[in-house]
Amino acid sequence: MKQDMWGLLADDYCGFDTVEAARKLLGRYLCRETEEGLVAGVIVETEAYLSEGDPACHASRGKTRRNAAMFGPPGIAYVYFIYGNYYCFNVVTGPEGRGEAVLIRAVEPVEGLALMQKRRGKECALNNLASGPGKLCQAFAIDTSLNGHELSREPLYLQDNPGAPLILPVQRTPRIGVSSAKNLCLRFIIEGNRFLSR
DNA sequence: GTTAAGATCTGCT
DNA sequence: GCAGATCTTAACG
């Protein structure tokens with residue numbers, strides 16, 4: 001059976017639609033390997049950023065040095081630095097040159113809990129390890145050195161979750177933290193999950 | 001060269 | 001619930 005670059009079955013996935021990808025990424029594993037060890041979690045919260053009609057998208061005003069990775073081929077990482085302290089991690093979607101991506105906002109920690117805790121700092125509660133884009137990048141040691149990295153291989157990759165229910169309770173809401181396009185419902189969460197950013 | 005804003009988090013009230 | 005930290009990026013002069 002044929003799979004695309006995220007390992008999704010072709011039947012499950014209609015072309016390169018970014019909104020669809022944001023939904024389909026829920027429930028899948030995000031894995032990160034470093035010399036310190038492996039950390040992994042289940043993606044529970046995503047947001048789609050579109051090239052048209054979406055001023056909140058970094059690519060909406062054309063290609064710049066920062067957002068260049070967004071215009072690359074689907075399945076690579078777009079990582080950027082924000083607010084002087086934090087990184088945000090996206091999966092590039094859509095055909096090459098289009099400039100769309102899915103922001104990974106939160107994961108449910110599964111593997112390497114102690115390492116995540118160490119990176120996040122002291123006595124961090126389990127549901128505070130990776131419940132937000134900045135926290136997630138801290139726990140997974142993601143920075144701009146991974147910008148443009150292909151997410152099909154080490155040291156940062158997406159993986160199927162055979163244990164996930166076939167039908168997830170997915171809810172659509174407005175995106176968090178954007179000042180424009182607040183009316184667009186482009187945030188996807190696993191309903192009722194304890195590890196959401198809010 | 002200068003400036004304003006930003007896909008956030010933490011700590012304090 | 002709210003303000004402050006903190007600094008890169010991009011737009012403008």
Side-chain angles (χ1 to χ4, degrees), chain A residues 17-26 30 32 39 41 43-72 74 76-94 98-109 116-149 151 156 158 170-190 193-198:
Chain A
D17 186 79
T18 296
V19 173
E20 193 67 8
R23 194 166 66 73
K24 295 274 168 91
L25 281 166
L26 292 177
L30 177 66
R32 165 73 164 137
V39 299
I43 297 171
V44 297
E45 177 174 349
T46 62
E47 283 180 1
Y49 286 84
L50 309 178
S51 63
E52 285 176 30
D54 182 10
C57 179
H58 286 174
S60 64
R61 283 174 217 174
K63 194 169 172 177
T64 65
R65 187 149 110 220
R66 173 171 73 160
N67 69 20
M70 275 184 104
F71 292 86
I76 67 171
Y78 167 45
V79 183
Y80 65 91
F81 192 65
I82 190 74
Y83 294 123
N85 271 326
Y86 301 99
Y87 296 98
C88 290
F89 165 63
N90 298 250
V91 178
V92 175
T93 55
R98 190 167 165 98
E100 302 196 339
V102 174
L103 172 69
I104 309 299
R105 283 192 58 90
V107 306
E108 174 173 342
M116 290 194 216
Q117 250 153 2
K118 179 183 157 198
R119 286 173 178 154
R120 289 272 301 127
K122 57 186 166 202
E123 308 286 326
C124 201
L126 209 57
N127 64 354
N128 193 31
L129 280 181
S131 53
K135 301 179 197 175
L136 184 157
C137 284
Q138 243 174 15
F140 278 66
I142 294 173
D143 61 29
T144 47
S145 69
L146 290 164
N147 193 34
H149 169 76
L151 294 168
L156 178 66
L158 297 163
V170 174
Q171 197 176 353
R172 249 181 114 147
T173 81
R175 292 173 296 187
I176 308 288
V178 294
S179 57
S180 57
K182 287 180 176 154
N183 53 326
L184 297 177
C185 282
L186 293 176
R187 172 173 176 253
F188 293 83
I189 58 179
I190 296 181
N193 188 278
R194 296 170 43 210
F195 301 91
L196 302 173
S197 65
R198 61 183 71 181

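Chain letters run A, B, ... following the sequence lines, proteins first and then strands; every chain starts at 1. Quick caveat: nothing in here was measured; it's all calculated off a predicted structure.
- Considering every non-hydrogen atom in both Leu103(A) and Cys88(A), the closest pair reads CD1-CB, 3.9 Å.
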### Message
Pair Phe140(A), Leu146(A) - check side chain to side chain contact (heavy atoms under 4.5 Å, CB included), show working.
### Response
CA-CA 11 Å; Phe140(A) 278 66; Leu146(A) 290 164; over 6 Å; no
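- With sequence neighbours left out, Tyr80(A) forms a ring pair (Phe, Tyr, Trp, His ring centres under 6.0 Å) with His58(A), Tyr78(A).
- We find that CZ of Arg198(A) is positioned 13 Å from C1' of dC2(C), with the value rounded to whole Å.
- Remark: Gly177(A), Val178(A), Ser179(A) in residues 176-187 of chain A come within less than 4.0 Å of DNA chain B through at least one heavy atom.
- Every residue two or more places apart in sequence or in another chain was checked for a ring pair (Phe, Tyr, Trp, His ring centres under 6.0 Å) with Phe195(A), and none qualifies.
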Which donor-acceptor pairs under 3.5 Å do the side chains of residues 126-135 of chain A make with protein atoms, sequence neighbours left out?
from: Asn128(A); atom 1: OD1; to: Lys135(A); atom 2: NZ; distance (Å): 2.8
from: Ser131(A); atom 1: OG; to: Asn127(A); atom 2: O; distance (Å): 3.0
from: Ser131(A); atom 1: OG; to: Lys135(A); atom 2: NZ; distance (Å): 3.4

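- Against DNA chain B, the stretch residues 126-140 of chain A makes heavy-atom approaches under 4.0 Å through Gly132(A), Pro133(A), Gly134(A), Lys135(A).
- Under a 3.5 Å cut-off, the side chain of Gln138(A) and the backbone N or O of Arg120(A) do not form any donor-acceptor pair.
- Judged as a salt bridge (charged side-chain N to carboxylate O under 4.0 Å, His left out), and not counting sequence neighbours, the contacts of Arg187(A) are Glu45(A).
- Here Tyr83(A) lies parallel enough and close enough to stack on the base of dT8(B), with planes under 30° and ring centres under 5.5 Å apart.
- Take Pro55(A) and apply the side-chain contact (heavy atoms from CB on, under 4.5 Å) test, not counting sequence neighbours, and it matches Ser180(A), Ala181(A).
- Rounded to an integer number of Å, the gap from NE2 of His58(A) to P of dA5(B) is 15 Å.
- Minimum heavy-atom separation, Met70(A) to Cys57(A): CE-SG, 3.5 Å.
- In this structure, Phe89(A) places its CZ atom 16 Å from P of dT8(B), rounding to the nearest Å.
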### Task
Determine, for nucleotides 8-13 of chain C in 5'-to-3' order, which nucleotides have protein heavy atoms under 4.0 Å from the base (write B), from only the sugar-phosphate (write S), or from neither (write -).
SSS---
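- Listed by first and then second residue, the salt bridge (charged side-chain N to carboxylate O under 4.0 Å, His left out) pairs that reach into residues 53-72 of chain A are Asp54(A)-Arg175(A), sequence neighbours excluded.
- Atoms CG (Asn85(A)) and P (dG4(C)) sit 16 Å apart, rounded to a whole Å.
- Shown here are the side-chain hydrogen bond (donor to acceptor under 3.5 Å, both in side chains) partners of Ser145(A), two or more places apart in sequence or in another chain: Asp143(A).
- The side-chain hydrogen bond (donor to acceptor under 3.5 Å, both in side chains) search around Arg98(A) returns Glu100(A), not counting sequence neighbours.
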### Task
Using Watson-Crick or G-U wobble pairs with both distances under 3.5 Å, give me DNA chain C in dot-bracket, 5' to 3', with [ ] for crossers and | for pairs to another strand.
|||||.||||||.
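- Using modelled atom types, no side-chain atom of Ser51(A) and backbone atom of Gly99(A) make a donor-acceptor pair closer than 3.5 Å.
- Centre separation under 5.5 Å together with a plane angle under 30° does not hold for the ring of Tyr80(A) and the six-membered base ring of dA7(B), so they are not marked as stacked.
- We find that CD of Glu45(A) is positioned 16 Å from P of dA7(B), with the value rounded to whole Å.
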